[in-house]
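For reference, the structure is listed below as structure tokens.
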Amino acid sequence: MRWIDYRKTLTPRYGIIWRDIGACYLLLAAGVTAVALVQRSLGESAAAAAAVPVVLWTGYWLHALFLFGHEAAHAHLAPRRRANDRLADWLVWLFFGSTTANYRHTHMAHHSHLGSHRDTETTYQLCLSVANLLKGMTGLRVLEVLLRKGRLARQTAPRRRSSKRPSGRRRGPGRRRPSRAVAGALASLRSVVLHAGILTLLVASGSFPAALAWLLGAGAIFPLCAMTRTVVEHRRLDAPCSVDFTVVEHGPVNRLFGGDPLSRSFGAAGFNKHLLHHWDPAISYTRFGEMERFLARTPLVAEIEASRIGYGAALKRLLLEARRG
């Protein structure tokens, strides 16, 4: 059977996707609940100590949840795109200040222009130096990305047509959809309200350590995970920090990571099999097993095997390269 025919059978398994999203929610809730319970049973000092690993836990699972926004951008959360987008906007992007449509708008160019100066996702241009890791933890990298995407959105926005219409013509029924800028601003506001509400609820319940764990997990560990994962996925392992990839084109790089629980959670929603996604973005991660087995019987098996590496091994090599400067 040809791939063009076989791929039609690989429809998303929506139950698995929503099971995995639900697991992220449960694990996030478990983290802050554990700190609150420790405080109630053992006191403030013990809760403060318990909050330290929960900072990492919260950021880690927020990052895992965030990756399902990418799955939504490829319309894999529901059979109909409208339902897909609405579900993702309110159950995934609600935490991250964006919308499915806005992310989709910039993300698709990443597939078309990976590694070139026209790529819209450029975090892999950064080496994992101490300065860049601090950028990731303090939110400075997030700010850079938002500013860059704002510039891209303005550059690609269609010109407004004249509002004047011939007499006798009326605007069709129904509301006009808000612009991407307005939708993005509203999404950011919803996200701020959500996180503020979570923090207020935790403080009001008397668990300041749990509130602090959520704040640091969402504000520092989550963006650090997102930056590190993108670099590990797409950066050349031998790329020195001294090369400015805004001047020199990096070139396309994709990797295939492991299928162990750590790889499947750090690279949630199929990011641990990112090579396969870039080969055919229309295939949901829930069918990557069948996709990989099919392609293993083709000449592409050599490229698949050459792209295999563990997250730990790739991260170690990138950190060593960053130390060399």
Side-chain angles (χ1 to χ4, degrees), residues 59 63 66-67 69-70 73 96-98 102-157 180-181 184 219-257 266-267 271-275 277-279 281 303 306-325:
H63 171 255
F66 168 73
L67 297 181
H70 170 270
F96 308 109
S98 189
N102 280 9
Y103 177 74
R104 182 184 291 130
H105 176 69
T106 56
H107 177 69
M108 292 309 167
H110 171 60
H111 283 277
S112 303
H113 305 294
L114 174 62
S116 79
H117 288 152
R118 297 175 66 187
D119 195 346
T120 51
E121 297 181 12
T122 58
T123 298
Y124 61 86
Q125 293 178 355
L126 302 176
C127 69
L128 293 180
S129 64
V130 172
N132 286 331
L133 291 171
L134 286 173
K135 269 188 179 182
M137 289 188 70
T138 57
L140 289 175
R141 179 57 191 166
V142 173
L143 182 60
E144 287 177 351
V145 170
L146 291 175
L147 290 173
R148 184 173 186 275
K149 290 192 173 183
R151 288 195 299 270
L152 286 171
R154 288 192 296 273
Q155 290 168 5
T156 58
R180 281 193 296 270
I221 302 305
F222 158 63
L224 179 64
C225 286
M227 187 191 83
T228 303
R229 174 193 47 77
T230 305
V231 173
V232 170
E233 283 166 0
H234 290 306
R235 188 174 175 87
R236 284 169 26 204
L237 295 177
D238 61 349
C241 292
S242 57
V243 176
D244 183 355
F245 287 113
T246 63
V247 178
V248 179
E249 286 204 337
H250 181 279
V253 172
N254 283 303
R255 297 193 171 97
L256 201 64
F257 300 99
F266 185 69
F271 272 76
N272 61 317
K273 303 290 184 180
H274 209 52
L275 173 71
H277 172 68
H278 271 266
W279 278 353
E303 190 170 347
S307 300
R308 289 191 192 279
I309 192 170
Y311 275 113
L315 180 60
K316 181 179 178 181
R317 289 183 61 179
L318 288 164
L319 288 169
L320 287 173
E321 193 61 48
R323 285 185 63 187
R324 295 190 186 104

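Heavy atoms only: backbone and side chains are in, while hydrogens, waters and symmetry mates are out.
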- Side chain to side chain, Y311 and N272, heavy atoms closer than 4.5 Å: yes
Rounding to 0.5 Å, atoms CD (E321) and NZ (K316) come to a distance of 14.0 Å
Those residues at least two apart in sequence (or on a different chain) that pass side-chain contact (heavy atoms from CB on, under 4.5 Å) with R317 are L237
The complete set of salt bridge (charged side-chain N to carboxylate O under 4.0 Å, His left out) pairs with one or both residues in residues 125-137, sequence neighbours excluded, reads K135-E144
Side chain of R235, backbone of Y124: donor and acceptor closer than 3.5 Å?
yes
Rounding to 0.5 Å, atoms CD (Q125) and CG (D244) come to a distance of 8.0 Å
Looking at R323, I want to see if its CZ is surrounded by more than 12 non-hydrogen atoms of other residues, nucleotides or ligands under 6.0 Å. no
Where the side chain of N102 meets the backbone of R180, is there a donor-acceptor pair that is under 3.5 Å apart? yes
Next on the checklist: Less than 4.5 Å apart, side chain to side chain, heavy atoms only: is that true for L128 and L315?
Outcome noted: yes
The side-chain contact (heavy atoms from CB on, under 4.5 Å) partners of T138 (sequence neighbours excluded) come to L140
dist F271:CZ -> F257:CZ (nearest 0.5 Å) comes out at 11.0 Å
Rounded to the nearest 0.5 Å, the CZ atom of F96 sits from the OH atom of Y103 at a distance of 12.0 Å
All heavy atoms of H117 vs all of E249, minimum pair found to be N-OE2, 3.2 Å
- Task: For the residue pair S129 and N132, confirm or rule out a side-chain donor-acceptor distance under 3.5 Å.
- Result: yes
Here the gap from D238 atom CG to L320 atom CG, rounded to the nearest 0.5 Å, amounts to 13.0 Å
Residues passing the side chain to side chain donor-acceptor pair (under 3.5 Å) test with H111, sequence neighbours excluded, are H74, H107, H277
Practice problem: Please answer whether the main-chain N or O of T120 pairs with a side-chain N or O of T106 as donor and acceptor at a distance below 3.5 Å. | Solution: no
Contacts of A313 meeting side-chain contact (heavy atoms from CB on, under 4.5 Å) (sequence neighbours excluded), chain-then-number -> I309
Could you pull out all donor-acceptor pairs under 3.5 Å where a side-chain atom in residues 220-234 meets a protein atom, sequence neighbours excluded?
from	atom 1	to	atom 2	distance (Å)
T228	OG1	L224	O	2.8
R229	NE	H63	NE2	2.8
R229	NH1	E233	OE1	3.1
R229	NH1	E233	OE2	3.1
T230	OG1	A226	O	2.9
H234	ND1	V253	O	2.7
H234	ND1	N254	OD1	3.4
H234	NE2	H110	NE2	3.4
H234	NE2	H274	NE2	3.4

